[in-house]
Amino acid sequence: MTAPEPASREPLRIGNASGFYGDRADALTEMLTGGPLDILTGDYLAELTMLILGRDRLKDPARGYARTFLRQLETGLGLARDRGVTLVTNAGGLNPAGLADAVRELSERVGVPARVAHVEGDDLLADRDWGEGVLTANAYLGGAGISACLRAGADVVVTGRVADASLVSGCAAAHFGWADDDWDRLAGAVVAGHVLECGTQATGGNYAFFARDGIDARHPGFPLAELAEDGSAVITKHPGTGGAVTVGTVTAQLLYETAGPRYPGPDVTARLDSVRLGQAGTDRVRIEGIRGEPRPDRLKVGLTRLGGYRNEVTFVLTGLDVPAKADLVREQMETALSRPGTRRPAQVDWSLARTDRADAAAEEEASALLRLVVRDPEESAVGRAVSGPAVELALASYPGFHVTAPPARGAPYGVFEAAYADAGSVPHVAVLPDGTRLDVSFPAAVPRRPPTGSPDDASQPGSPSEAPPTGAPTTRRAPLGLVAGARSGDKGGSANIGVWAYDADPDLYMWLRETLTTDRLRVLLPEVRDLPVTRHEFRNLAALNFVIDGILGDGVASQHRFDPQAKALGEWLRARHLDIPEVFLP
């Protein structure tokens, strides 16, 4: 498909006002009133969100979209139209047409005319047999539908499940008139979109070095990108807002929920190992040098289903003899769950968190937590059948017996699974403001060219390829986090931990590269000892990225572990002690 002549060569100022369903409600107003913008995006969808919206749709077929976006538009629509800012959001979820209609109704009610368009085609639930119990099945579309809506003059564009970064790449392609095979430019927009998609994580939120760098992270501003026609960008934020935009904060977000050097998406495959960052002023970071390759032949399809029911009981063990107390109550509960006439839950997991310490000055500091989690396809097996026996032990178990919450019924949990569909088989339709339906689906064949080479192509699992430096520097036992930042997150049942050298110090990066192997990671994080771990290297970012398969079970909705989205996995790693060369320590 050939794109029209470029609509503009002027930079595109594009911001973000939401990183998830439930993000700061005032963000849309803050971004519209804080400074100039051309387009304001909002990302409301995540794996867990799709399950939530799927359950909403079961109750009422007219639902299935993020209703908070409508509440934000009560005042935000007028502000956007007054300032000439176009709104682009994936808040349509499972029902983009329904949300588009609701926006039109709101437009009439508040007296603010707006041309509303939407994108559909991602919902593949009825398209094929996805297996028993699948509640939602949505392909990750690219930005072509968004581009078509913007070229048709839309003031508000609502989509369903598009790839997060496509909210930005679709807008950029429309603004600059890029063609489908402008891979380097598209890759630049995708990287900028990845930085923006999680909102304040790019401006100091959840940032490993917020204390060391003196960042005021109490109320960080939302990010925006100044995109250039060549695909480069400057990441910044509105003047006077909290947080900070530094090479470190942008690096942290670039590593979030990624894997290897190639970052495949429905618009383009971006080479993350080609990214170059530079501080371009206070709260301004330039991103450039990005190379792109053709998009994959297949699209990711996110599947969610109800996995069954779960329940949990957390026993508090205070003071002396914690192991003996844990053994006692565990044996009592195991006997109750396995007694004749009772169906034992399909999955029973125990974990003991030794949060206690000796001679504690506060009772909470003297207490450990023993957590029992049960799962089963039937609620009856995890409800009173579990909480009842736990309560019955109140006067007949270890000294100091108590639990953290009252007995509860079993609650449903979800499962996320990634499937794939041929790109040419997935419909992609832009419904323009005048109601015209424009098919922008993928062509049957994806254009190809030889991949762009990179010195980091060799960065694969296992130990680094270069020989370790000679000599034996003086070391001191200290937490890794004194010299390295980390950010971790979830992708289905897997998690990633991005680790980067503080201040992008090249010598420190080489030490990290030689020291933090996959085997060392398994020692530092015993929980991943028996799991597949893949390491990737990003020299330009002075960073390593570890992908740990299976650590999250069936995904965030299954609540498989204490930290179900692996958000703090990186901070745990930073808290582990290593022999660190003193020259790197602060």
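Note: hydrogens, waters and symmetry copies are ignored here, and every other heavy atom, side chains too, is used.
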Walk me through it: do L12 and I39 pass the test side chain to side chain contact (heavy atoms under 4.5 Å, CB included)? CA-CA 8 Å; L12 176 67; I39 296 176; 4.1 Å; yes
Before you tell me yes or no, could you show the steps for T136 and L51 under side chain to side chain contact (heavy atoms under 4.5 Å, CB included), namely the whole-Å CA-CA distance, both residues' side-chain angles and the distance that decides it to 0.1 Å? CA-CA 7 Å; T136 67; L51 179 69; over 6 Å; no
Test side chain to side chain contact (heavy atoms under 4.5 Å, CB included) on R576 and L480 and set out the steps. CA-CA 6 Å; R576 297 309 309 267; L480 176 64; 5.7 Å; no
Walk me through it: do R271 and I290 pass the test side chain to side chain contact (heavy atoms under 4.5 Å, CB included)? CA-CA 7 Å; R271 292 296 299 255; I290 302 157; 5.8 Å; no
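Across L125 and L135, no two heavy atoms sit closer than the pair CD2-O, 3.4 Å. In terms of heavy atoms, R286 sits closest to S232 at NH1-OG, 4.5 Å. In this structure, R284 and Q279 approach most closely via the heavy-atom pair O-NE2, 3.2 Å. Minimum heavy-atom separation, Y509 to L544: CE1-CD2, 4.1 Å. A pairwise comparison of heavy atoms in L37 and M31 identifies CD1-O, 3.5 Å as the closest pair. Looking at every heavy atom in both residues, L40 comes nearest to V85 through N-CG1, 3.8 Å.
Under the side chain to side chain contact (heavy atoms under 4.5 Å, CB included) criterion, A495 pairs with I551, L552, A566, L569, not counting sequence neighbours. Scored by the side chain to side chain contact (heavy atoms under 4.5 Å, CB included) test, A233 finds A192, L227 as partners (sequence neighbours excluded). Residues satisfying the salt bridge (charged side-chain N to carboxylate O under 4.0 Å, His left out) test with R185, not counting sequence neighbours, are D182, E229. Taking the side chain to side chain contact (heavy atoms under 4.5 Å, CB included) definition, one finds that V301 meets it with L124, W130, A137, A139, L303, A419, A421, sequence neighbours left out. D267 meets the side-chain hydrogen bond (donor to acceptor under 3.5 Å, both in side chains) test with S166, S169; sequence neighbours excluded. Among residues two or more places apart in sequence or in another chain, the side-chain hydrogen bond (donor to acceptor under 3.5 Å, both in side chains) test is passed with E571 by R574. Annotation: side chain to side chain contact (heavy atoms under 4.5 Å, CB included) contacts of D23 (sequence neighbours excluded): S18, F20, F222.
F538 and H536 have tilted rings, their planes meeting at an angle from 30° to 60° on a 0 to 90° scale.
Applying the salt bridge (charged side-chain N to carboxylate O under 4.0 Å, His left out) rule to pairs touching residues 127-139 yields nothing, sequence neighbours excluded. Here salt bridge (charged side-chain N to carboxylate O under 4.0 Å, His left out) pairs that include residues 154-174, with residues two or more places apart or in two chains, are R81-D155, R115-D155, R161-D164. For residues 520-531, the pairs satisfying side chain to side chain donor-acceptor pair (under 3.5 Å) are E527-R561, with sequence neighbours left out. Among residues at least two apart or in separate chains, side chain to side chain donor-acceptor pair (under 3.5 Å) pairs with a member in residues 495-504 are D213-Y502, N496-N545. Residue pairs satisfying the ring pair (Phe, Tyr, Trp, His ring centres under 6.0 Å) criterion with at least one member in residues 250-271, sequence neighbours excluded, are listed as follows: H194-Y263.
When atom types are taken as modelled, the side chain of T515 and the backbone of W511 share a donor-acceptor pair closer than 3.5 angstrom. Between the R535 side chain and the R513 main chain, a donor and an acceptor come within less than 3.5 Å of each other. Checked by atom type and distance alone, the side chain of T200 never pairs as donor or acceptor with a backbone atom of G205 at under 3.5 Å. No donor-acceptor distance shorter than 3.5 angstrom exists from the side chain of R487 to the backbone of L254, with no hydrogens or angles considered. H118 places no side-chain N or O within 3.5 Å of a backbone atom of A430 that could act as its donor or acceptor partner. Without hydrogens or angle criteria, T203 side chain to G221 main chain gives a donor-acceptor distance under 3.5 Å. When atom types are taken as modelled, the side chain of S488 and the backbone of I497 share no donor-acceptor pair closer than 3.5 angstrom. Using modelled atom types, no side-chain atom of E226 and backbone atom of P11 make a donor-acceptor pair closer than 3.5 Å. Using modelled atom types, one side-chain atom of N95 and one backbone atom of R63 make a donor-acceptor pair closer than 3.5 Å. With hydrogens and angles disregarded, a donor-acceptor distance shorter than 3.5 Å links the side chain of S558 to the backbone of G555.
D273 and N540 share no donor-acceptor pair across their side chains, judged by distance under 3.5 Å alone. Side chains of D519 and T517: no donor on one and acceptor on the other come within 3.5 Å.
Within the 4.5 Å cutoff, no side-chain heavy atoms of Y65 are placed close to those of P96. Contact of the L196 side chain with the V168 side chain is registered, since non-hydrogen atoms from C-beta on lie closer than 4.5 Å. Between L48 and F416 there is no side-chain heavy-atom pair separated by less than 4.5 Å.
Looking at R57 and D123, a side-chain N of the basic residue comes within less than 4.0 Å of a carboxylate O on the acidic one, giving a salt bridge. Between R291 and D184 there is a salt bridge, since at least one side-chain N of the basic residue sits less than 4.0 Å from a carboxylate O of the acidic one.
Each of T89, N90, T49 was scored for a side-chain hydrogen bond (donor to acceptor under 3.5 Å, both in side chains) with D43, with one residue passing: N90.
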